Amino acid sequence: MLGMCVGIDFGSTSTIMYVGGKGIVLDEPTMIAVDTETGTPVAIGNTAYTINGRTDDAIRVISPVQNGIISDYTHAEHILRYYFQRLCGNSIFKPNVILTVPSGATNLDKRTFLDVAMHAGAGRVCLVEESLASAIGAGLDEDTFSGRFIVNLGGGSVDISVVTRGSLAVSKSVKVGGKSIDEAIQKYLRKKRDILVGPQTAERLKICLGSAVPRKEEIAVMANGKSGLDNMPMSFEVTSTELFHCIDEQISYIIGGIKSVLEITPPELVGDISENGIVLTGGTSLLYGMKKRLESETGIEIIMADDPLYSCVSGAAAIVKDMDFLTANGYRFKTVQELS
Ligand SMILES: Nc1ncnc2c1ncn2[C@@H]1O[C@H](COP(=O)(O)OP(=O)(O)OP(=O)(O)O)[C@@H](O)[C@H]1O
Ligand SMILES: [Mg+2]
């Protein structure tokens with residue numbers, strides 16, 4: 001196949017790219033900063049993330065992938081085009097792309113992913129479900145007939161699937177994730193303590209203090225924000241107990257999603273899952289106590305992927321290395337001509 005092969009996890013929080021023969025070449029926030037008046041992009045990725053919450057109205061920071069799917073076509077295309085140009089330079093060959101998509105994506109969502117990648121400069125694109133990619137990335141044998149339950153806890157969505165014999169038997173995407181947990185923290189501080197914090201502070205608090213089960217010993221950290229009373233800067237203390245309670249509703253949504261998929265899974269596969277356990281991937285699986293909470297709620301052993309943030313792109317990478325997987329499982333590359 002002419003041109004480089006790229007595996008891409010174009011996630012709600014981060015964009016990760018793997019290039020055949022090189023390894024992971026990019027891991028940056030899925031964000032773009034644009035000039036509000038002209039619409040011209042001023043920063044993409046890490047720089048846009050740093051700008052977020054720190055600018056006046058002249059610059060707007062946009063996350064064009066929301067809840068796992070592309071919600072802003074133009075800006076998603078800008079981001080991918082920028083990265084493709086960075087990767088391919090002046091090469092005359094366009095990249096062949098394995099792009100992961102949420103398992104619950106509709107045909108329209110999938111079409112948007114294809115369109116955006118092609119118009120951003122991909123030569124050919126093949127879409128693979130996140131859960132399947134994560135299963136392969138987490139090291140599960142795709143040939144097995146035995147059912148595997150994969151939960152990808154991402155930034156914008158939770159992807160829950162039962163994978164058997166290289167395809168999805170049951171799947172569902174739930175619109176909660178790391179970002180909605182961050183928003184719950186911002187909302188709690190605003191409503192209960194009259195303190196305003198930006199998205200990055202909320203994310204830091206979640207990572208340092210947040211938990212899915214109460215911590216054995218309460219911990220507290222100091223953070224900076226703005227008083228809602230007089231809009232003046234202030235330092236304040238937050239405890240792990242406060243955060244546990246304020247994010248519990250989000251954790252319950254995740255558990256509800258997992259249970260609803262178990263309910264509709266055929267009994268034979270549920271038997272396999274009880275034996276094989278549930279594999280947890282995605283950045284939000286790193287939340288303190290997530291494994292313990294899910295084990296106690298489902299009664300099934302939880303297996304953490306070795307590198308949860310990279311499971312999905314690792315699966316895409318494994319496919320790049322062994323393209324036969326695609327044909328063996330009915331996946332196909334599409335070209336721009338096939339789109340119209
Ligand atoms: N140690 C940690 N504790 C809690 N959350 C974490 C930790 N590390 C990363 N996260 C969260 O993981 C999320 C990113 O996960 P991931 O990269 O899997 O999402 P994504 O692929 O971009 O999103 P999606 O798959 O939903 O489109 C962020 O919300 C981040 O705050
Ligand atoms: Mg993801």
Side-chain angles (χ1 to χ4, degrees), residues 1-32 44-50 65 68 76 79-102 113 116-118 120-143 150 152-155 159 163 166 178 279-286 303-329 331 333:
M1 196 180 288
L2 293 173
M4 69 165 69
C5 291
V6 191
I8 307 179
D9 175 4
F10 194 34
S12 315
T13 324
S14 35
T15 302
I16 311 176
M17 294 194 179
Y18 169 93
V19 172
K22 289 190 181 166
I24 295 197
V25 292
L26 183 125
D27 178 2
E28 296 205 22
T30 310
M31 281 186 175
I32 179 167
I44 285 175
N46 286 325
T47 325
Y49 178 83
T50 314
V65 180
I79 293 179
L80 287 185
R81 173 172 302 122
Y82 173 74
Y83 290 140
F84 287 156
Q85 277 169 359
R86 214 159 91 176
L87 289 183
C88 300
N90 294 327
S91 169
I92 52 165
F93 298 115
K94 292 181 170 186
N96 305 297
V97 172
I98 306 282
L99 186 59
T100 60
V101 290
F113 271 101
V116 164
M118 300 269 189
R124 304 195 300 162
V125 182
C126 181
L127 302 181
V128 175
E129 292 86 356
E130 262 177 32
S131 299
L132 190 56
S134 300
I136 301 170
L140 303 186
D141 180 4
E142 75 265 17
D143 280 338
I150 313 289
N152 183 23
L153 300 174
D159 216 62
V163 178
V279 177
L280 216 54
T281 68
T284 301
S285 67
L286 294 168
I303 300 150
M304 291 288 294
D306 283 344
D307 203 351
L309 283 158
Y310 286 117
S311 304
C312 193
V313 79
S314 301
I319 297 169
V320 165
K321 286 184 213 150
D322 175 19
M323 293 279 187
D324 290 345
F325 167 85
L326 296 177
T327 30
N329 291 286
Y331 288 87
F333 273 101

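Any value given below was found using the heavy atoms of this structure, including those in side chains, with hydrogens, waters and symmetry copies removed. Note that the structure is predicted; figures quoted are calculated from it, not measured.
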Let me confirm one number: the [atom1]-[atom2] distance from [X] to [Y], rounded to the nearest 0.5 Å.
X	Y	atom1	atom2	result
Met31	Thr47	CE	OG1	12.0 Å
Phe10	Leu80	CZ	CG	4.0 Å
Leu153	Ser134	CG	OG	10.0 Å
Ile24	Ser314	CD1	OG	5.5 Å

Practice prompt. For the pair Asp27 and Tyr310, evaluate side-chain contact (heavy atoms from CB on, under 4.5 Å) and give the outcome as yes or no after the intermediate values.
Written response: CA-CA 10 Å; Asp27 178 2; Tyr310 286 117; 2.5 Å; yes
Worksheet entry | Residues forming a side-chain contact (heavy atoms from CB on, under 4.5 Å) with Thr100, sequence neighbours excluded |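 For Thr100 the side-chain contact (heavy atoms from CB on, under 4.5 Å) partners, ignoring immediate neighbours, are Asp9, Glu130, Ala133, Cys312, Ala316.
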Practice prompt. Identify, with sequence neighbours excluded, every residue that meets side-chain contact (heavy atoms from CB on, under 4.5 Å) alongside Asn46.
Written response: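 Partners of Asn46 by the side-chain contact (heavy atoms from CB on, under 4.5 Å) criterion, ordered by chain and then number, come out as Glu28, Pro29.
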Shortest non-hydrogen contact from [X] to [Y]?
X	Y	value
Ala318	Ile136	CB-CG2, 3.8 Å
Ala135	Ile150	CB-CD1, 3.6 Å
Val320	Cys5	CG1-CB, 3.6 Å
Ala120	Phe84	O-CD1, 3.4 Å
Pro95	Gly121	CD-O, 3.3 Å
Leu286	Pro308	CD2-CG, 3.8 Å

Review item, side-chain donor-acceptor pairs of residues 11-19, under 3.5 Å, at least two apart:
residue	atom	partner	partner atom	Å
Ser12	OG	Gly68	N	2.9
Thr15	OG1	Thr30	OG1	2.8

Taking C-beta and beyond as the side chain, do [X] and [Y] meet within less than 4.5 Å on heavy atoms?
X	Y	value
Ile44	Tyr83	yes
Tyr82	Ile32	no
Thr281	Asp159	no

Fill in: Residue Asp306 excluded, over 12 heavy atoms near CG under 6.0 Å
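It does not: Asp306 CG has 12 such atoms or fewer within range.
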